[in-house]
> 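Have a look at this one before I ask anything.
Just follow the structure's listing: the first ligand is 1, and inside any ligand the first atom is 1. Fair warning: this is a prediction, and the values are worked out from it, not measured in the lab.
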Amino acid sequence: MPESTPSAVINYDLHCHSTASDGLLSPDEVVRRAAGNGVDVLALTDHDDIAGLPLARATAAEVGIGFINGVEISAEWEGTLFHIVGLDFDADNAALNAGLDNISSGRSERAGRMAAELAKAGIPGTLEGALRFAENPKLISRAHFARYLVECGVCRDVRSVFETYLVPGKPGYVDHRWASLGDAIDWIVGAGGIAVVAHPGRYRVSPRDLRRFLADFKTLGGTAVEVVSGSHTPDHVGQFARLARDFGFLASRGSDFHGPEESFTDLGKMSSLPAGVSPVWEKFR
Ligand code: AMP
Ligand code: MN
Ligand code: MN
Ligand code: MN
């Protein structure tokens with residue numbers, strides 16, 4: 001007879017956003033919603049900013065779920081923008097904080113250039129409009145511009161704003177210097193954390209370039225990839241589980257939740273990690 005009933009699978013959600021970047025809910029609302037959805041351990045991973053972590057951590061303690069420090073860093077590799085999630089780092093680390101400050105200060109300047117380009121394309125006033133949607137103005141994002149352009153009727157939804165205005169080759173897209181891949185990994189690993197490739201299924205690179213990217217990521221000190229992501233299809237999950245095994249990467253799982261109206265996948269509502277991969281949480285402190 002078994003001595004105890006096997007415990008249910010622990011529900012980890014290690015990728016989501018709050019109003020500290022481009023999410024729609026405040027850090028405490030995100031944590032309460034996660035707990036309500038059955039998440040046992042949550043990481044809040046705002047873009048290029050960790051200001052939401054203290055409130056999220058305090059709320060997690062209050063509602064009785066586990067909490068892991070997180071961030072999603074915008075990093076460039078061979079001219080393409082990748083997102084690198086950092087998990088389980090020391091949030092007081094000076095180099096990490098200085099690096100993040102550096103990227104976020106660049107966002108305001110970029111937003112000004114985006115607004116100027118959109119004005120040339122016949123849409124004035126978008127900086128002021130986007131800022132109304134940004135609770136943390138330092139972290140002004142394309143997502144805030146998209147919400148404003150929907151509100152003023154230029155496009156019917158956020159997705160079509162991106163397709164029409166905000167991706168490379170479109171009038172509201174401007175180049176920007178983000179972190180280098182090496183810097184992003186150094187900041188995370190230097191603060192005692194784990195560097196994870198966010199949603200590898202979303203990058204528009206060839207399979208060959210993706211493998212070159214993953215090889216560089218590993219050489220630079222990255223150790224994990226998101227196998228289960230809110231933006232992955234079942235095919236992606238199989239593909240990235242295989243790549244994780246080939247490269248010896250740990251596997252992560254996260255919804256990439258931004259808000260109830262904007263995200264396909266709610267907090268904690270993703271499939272489980274497939275068999276045969278090593279979960280990233282086995283390395284948490
Ligand atoms: P930024 O960090 O300012 O470049 O903005 C990128 C953010 O915009 C991403 O983190 C997503 O939240 C959002 N985003 C990017 N592409 C799309 C898309 N095609 N549809 C909807 N949201 C998008
Ligand atoms: Mn986002
Ligand atoms: Mn991302
Ligand atoms: Mn994200």
> Using a 4.0 Å heavy-atom cut-off, which part of Arg110 comes near ligand 1: side chain, backbone, both, or neither?
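Just the side chain.
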> Quick one, Asp22 with Arg147, criterion salt bridge (charged side-chain N to carboxylate O under 4.0 Å, His left out). Give me CA distance, side-chain angles, the key distance, then yes/no.
CA-CA 10 Å; Asp22 60 355; Arg147 287 171 196 153; 5.5 Å; no
> Among Arg142, Arg147, His258, Met114, which one has a heavy atom closest to atom 3 (O) of ligand 1?
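The option holding the nearest heavy atom is Arg142.
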> Could you check Asp28 against Ser26 for side chain to side chain donor-acceptor pair (under 3.5 Å), going step by step and ending with a plain yes or no?
CA-CA 6 Å; Asp28 54 319; Ser26 58; 2.7 Å; yes
> Counting heavy atoms only, which of Tyr173, Trp178, Phe162 comes nearest to atom 20 (N) of ligand 1?
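Selected option, by shortest heavy-atom distance: Phe162.
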> Salt bridge or not for Lys283 and Asp88, using N-O below 4.0 Å?
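No, no charged N to carboxylate O under 4.0 Å.
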> Report the name of the N/O/S atom of Asp22 located nearest to the Mn ion (ligand 2).
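So the atom name we want here is OD2.
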> Mind checking ring pair (Phe, Tyr, Trp, His ring centres under 6.0 Å) for His83 and listing every partner two or more places apart, or none if nothing turns up?
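With sequence neighbours excluded, His83 shows a ring pair (Phe, Tyr, Trp, His ring centres under 6.0 Å) to His47, His199, given in chain and number order.
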> Where does Arg107 meet ligand 1, judged by heavy-atom distances below 4.0 Å: at the side chain, the backbone, both, or neither?
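Side chain only.
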> For residues Val85 and Phe284: do they belong to one hydrophobic cluster (side chain heavy atoms under 4.5 Å, members Ile, Leu, Val, Met, Phe, Trp, Tyr)?
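As far as the 4.5 Å side-chain criterion goes, Phe284 and Val85 are connected within one cluster.
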> With the Mn ion (ligand 4) as the centre, enumerate protein N/O/S atoms below 2.8 Å in chain and residue order.
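For the Mn ion (ligand 4), the protein N, O and S atoms that sit under 2.8 Å away are His15 NE2, His17 NE2, Glu72 OE1, Asp256 OD1.
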> Output all residues satisfying salt bridge (Lys or Arg N to Asp or Glu O under 4.0 Å) with Arg245, sequence neighbours left out; order by chain, then residue number.
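In terms of salt bridge (Lys or Arg N to Asp or Glu O under 4.0 Å), with neighbours along the sequence ignored, Arg245 is linked to no residue.
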> One residue to check: Asp22. Relative to ligand 1, which of side chain, backbone, both or neither has a non-hydrogen atom less than 4.0 Å away?
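For Asp22, the contact with ligand 1 is made by the side chain alone.
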> Distance to 0.1 Å, residue and atom name: give those for the protein heavy atom nearest to atom 5 (O) of ligand 1.
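Minimum-distance protein heavy atom for atom 5 (O) of ligand 1 reads Ser141 OG, 3.4 Å.
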> So between Arg159, His17, His47, His176, whose heavy atom ends up nearest atom 10 (O) of ligand 1?
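Residue with the shortest heavy-atom distance to the ligand atom: His47.
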> Among Trp77, Phe82, Phe240, which residue satisfies the ring pair (Phe, Tyr, Trp, His ring centres under 6.0 Å) criterion with Tyr203?
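Testing each of Trp77, Phe82, Phe240 against Tyr203, the sole residue satisfying ring pair (Phe, Tyr, Trp, His ring centres under 6.0 Å) is Phe82.
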> Would you call the rings of Phe217 and Phe213 parallel, tilted or perpendicular, where under 30° means parallel and over 60° means perpendicular?
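Answer is parallel, since the angle falls under 30°.
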> Output a table of donor-acceptor pairs, distance under 3.5 Å, between side-chain atoms of residues 152-164 and any protein atom two or more places apart or on a different chain; print 'none' if there are none.
from: Asp157; atom 1: OD1; to: Ser160; atom 2: N; distance (Å): 2.9
from: Asp157; atom 1: OD1; to: Ser160; atom 2: OG; distance (Å): 2.5
from: Ser160; atom 1: OG; to: Asp157; atom 2: N; distance (Å): 3.4
from: Ser160; atom 1: OG; to: Asp157; atom 2: O; distance (Å): 3.0
from: Thr164; atom 1: OG1; to: Ser160; atom 2: O; distance (Å): 2.6

> Show the atoms of ligand 1 that are less than 4.0 angstrom away from any heavy atom in Val158.
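With Val158 as reference, the close atoms of ligand 1 come out as 21 (C), 22 (N).
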> Quick one: do Arg32 and Glu29 satisfy salt bridge (charged side-chain N to carboxylate O under 4.0 Å, His left out)? Show the steps, please.
CA-CA 5 Å; Arg32 285 180 206 285; Glu29 288 170 332; over 6 Å; no
